[in-house]
Amino acid sequence: MLYELPVFEHADAESVQEAVFWLEKWGDEARVIAGGTDLLCIMKDRLEGPQLKTPKVLINVKHIAEMKRIDHDDESGLRIGAAVTLNQLEASDLIRKRFSILSQAACQIGTTQIRNMGTVGGNLCQRPQCMYFRHPDFPCYKKGGRTCYAVKGEHRYDHSVINYRKCVMAHPSDMAPALIALKADAIIATSNGERKVPLQDFFLAPNDYSETVLKPGEFLVEIQVPDEGSKTNQLFLKHRIRHASDFALASVAVVAEMSKGIVQDIRIVMGGIAPSPYVADGTQEMINGKGLDAKLISRVAKASLEGARPLPLNGYKIDLAKALVKRALELILKQIPQA
Ligand SMILES: Cc1cc2nc3c(=O)[nH]c(=O)nc-3n(C[C@H](O)[C@H](O)[C@H](O)COP(=O)(O)OP(=O)(O)OC[C@H]3O[C@@H](n4cnc5c(N)ncnc54)[C@H](O)[C@@H]3O)c2cc1C
């Protein structure tokens, strides 16, 4: 592997419009950079492929004031700038009090150093952790090749058990399941102004070269979370090998709107088990309109990964993810005041 960064130009954008201008001017030679904790590793390792050209120009969005803010009002809800760092998010009093799932997820990401530099936008747009994708000598599907080396190779940790196709990567982001469970939207800057996409639809199907719907020249400006989220019971659980810095083997985000002990609306979203955050849609029907109890929790946990197809070495992830769902629902039940 090579450990030297290639030569590149660097431009500090001071506004969203300026970043859009530079990205348009430089086309596919340019890339957005925020904390650089992921992008610079990819550049050092010279990973190349369709939509993965080593950039000649990096457009830094970390100094754009509107992308560094966390704002909230009861009408428009919560707005998190894409350049807000993971530490800023974790430490925010507002987030801890009203959208605690985001703080719970952020504080379990990487190390203190990664959370100091890494941003919310970068976390959502980070590339796969699959060791074959990350190695310059393996021309895998994501890099335009014809093989997924992980299928017959090492796939115990960073790979999927459900919803995968040609590529079996598992989505690495911890923020994504938590934000999707809160029904967040992504606000994307384009050369024609901004567009809004539900975060659930921001992530692409497994066969794509990219993991997001962002087209060249587009970037994430902010994440919007409806205010209803602040009145819900919220929980994020993650299992990893080393607590110090590891990615999730499986994670679960649960957001439940309750009224008098009855679940009005629940969202269960999982990470680390599928090529994009996995929304356990079927479980909503099982729970909504009912009171949570031990029997229902067991049934829901069992059903939460219906249709999973583990690879030869990662079947344990199915039991792990179901156990996390069960534990999360049990903890949510404990949060609910009993009559
Ligand atoms: C040791 C280590 C441990 C880690 N552990 C975890 C973990 O446990 N859980 C987890 O979720 N993550 C983990 N990560 C990943 C980490 O969270 C990301 O590297 C970080 O959040 C990326 O943010 P950044 O600002 O540094 O992004 P950058 O490195 O600057 O960018 C990453 C990618 O996102 C793009 N990008 C950045 N900002 C935007 C934007 N606003 N719009 C569009 N595209 C954008 C860049 O072009 C690039 O492709 C870990 C990383 C490391 C190195």
Side-chain angles (χ1 to χ4, degrees), residues 5 8 10 13 16 19-20 23 28 30-45 47 49 51-55 57-64 66-68 80-90 102 104-129 133-134 142 157-158 170-179 186-190 194 197 199 202-203 209-223 236 238-251 253 271-272 277:
L5 267 174
F8 60 86
H10 183 270
V16 169
V20 169
L23 286 167
D28 67 357
R31 193 81 52 79
V32 164
I33 185 166
T37 58
D38 189 44
L39 181 59
L40 297 180
C41 302
I42 284 185
M43 287 171 65
K44 280 182 182 173
D45 289 340
L47 303 187
Q51 298 185 23
L52 191 61
K53 257 176 87 177
T54 300
V57 186
L58 296 182
I59 312 300
N60 180 14
V61 294
K62 264 197 323 282
H63 301 305
I64 300 177
E66 66 173 283
M67 288 178 62
K68 287 165 50 177
I80 306 166
V84 164
T85 66
L86 298 166
N87 257 351
Q88 210 183 324
L89 190 72
E90 176 200 343
L102 300 180
Q104 295 169 41
C107 76
Q108 297 189 57
I109 292 175
T111 60
T112 308
Q113 290 91 333
I114 298 292
R115 297 192 295 272
N116 270 336
M117 292 301 292
T119 61
V120 173
N123 183 271
L124 297 173
C125 297
Q126 63 178 296
R127 302 304 315 267
Q129 281 305 311
F133 172 78
R134 294 268 163 178
K142 283 268 172 198
Y157 309 116
D158 300 310
H171 204 276
S173 167
D174 287 327
M175 289 319 304
L179 284 163
I187 306 301
I188 298 171
T190 79
E194 289 184 351
V197 174
L199 196 61
F202 178 74
F203 298 98
Y209 292 128
S210 164
E211 292 76 49
T212 74
V213 298
L214 291 176
K215 299 196 187 88
E218 295 186 341
F219 63 97
L220 263 180
V221 176
E222 71 177 22
I223 302 297
F236 179 83
K238 164 177 175 176
H239 191 84
R240 52 190 155 166
I241 294 176
R242 292 172 309 169
H243 265 256
S245 71
D246 276 340
F247 287 83
L249 294 174
S251 67

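Just so we're clear, the structure is a prediction, and the values are computed from it rather than from any experiment. Whatever order the structure lists ligands and atoms in, that order sets their numbers, starting from 1.
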What's the shortest distance from [atom] to any protein heavy atom, and which residue and atom give it?
atom	answer
atom 42 (N) of ligand 1	Leu220 N, 2.8 Å
atom 35 (C) of ligand 1	Cys125 CB, 3.7 Å
atom 52 (C) of ligand 1	Ile114 CD1, 3.6 Å
atom 39 (C) of ligand 1	Val32 CG1, 3.6 Å
atom 24 (P) of ligand 1	Gly35 N, 3.5 Å
atom 9 (N) of ligand 1	Asp174 OD2, 2.9 Å
atom 13 (C) of ligand 1	Phe247 CE2, 3.1 Å
atom 18 (C) of ligand 1	Thr37 OG1, 3.5 Å

Per-atom contacts of ligand 1 with [X], taking only distances under 4.0 Å to non-hydrogen atoms:
X	value
Phe219	42 (N), 43 (C)
Asp38	19 (O), 29 (O), 32 (C)
Leu214	43 (C)
Ala34	25 (O), 30 (O), 38 (N)
Ala82	41 (N)
Asp246	8 (O)
Ser173	11 (O)
Arg31	47 (O)

- Message: List the residues meeting side chain to side chain donor-acceptor pair (under 3.5 Å) with Gln108, not counting sequence neighbours, and say none if there are none.
- Response: none
State, with a plain yes or no, whether a side-chain heavy atom of [X] is found less than 4.5 Å away from one of [Y].
X	Y	value
Gln129	Arg134	yes
Phe133	Leu52	yes
Asn116	Thr85	no
Val120	Leu102	no
Thr119	Val61	no
Phe219	Val20	yes
Ile223	Met175	no

Check: [X] side chain, [Y] main-chain N or O, donor-acceptor pair, under 3.5 Å:
X	Y	result
Asn60	Lys62	yes
Gln126	Thr37	no
Glu194	Ile187	no
Ser251	Asp174	no

Consider every N or O of [X] and every N or O of ligand 1, then say whether any pair is closer than 3.5 Å.
X	answer
Gly36	yes
Glu218	no
Gly110	yes

[X] contact mode with ligand 1 (heavy-atom cut-off under 4.0 Å):
X	result
Pro172	backbone
Thr111	neither
Lys238	side chain
Leu40	neither

- Note on the structure: CD1 of Ile80 to CE of Met67, rounded to nearest 0.5 Å, is 13.0 Å
- Can we say Asp246 and Lys238 salt-bridge, meaning some charged N sits less than 4.0 Å from an Asp/Glu carboxylate O? no
- Message: Counting only heavy atoms, tell me which of Gly122, Ala186, Pro55 gets closest to atom 38 (N) of ligand 1.
- Response: Gly122
- Message: Heavy atoms only: which of Ile109, Thr119, Ile42, Leu39 lies closest to atom 23 (O) of ligand 1?
- Response: Thr119
- Message: Please list all pairs meeting salt bridge (charged side-chain N to carboxylate O under 4.0 Å, His left out) that have one or both residues in residues 107-128, counting only residues at least two apart or in different chains.
- Response: Glu90-Arg115, Arg127-Glu211
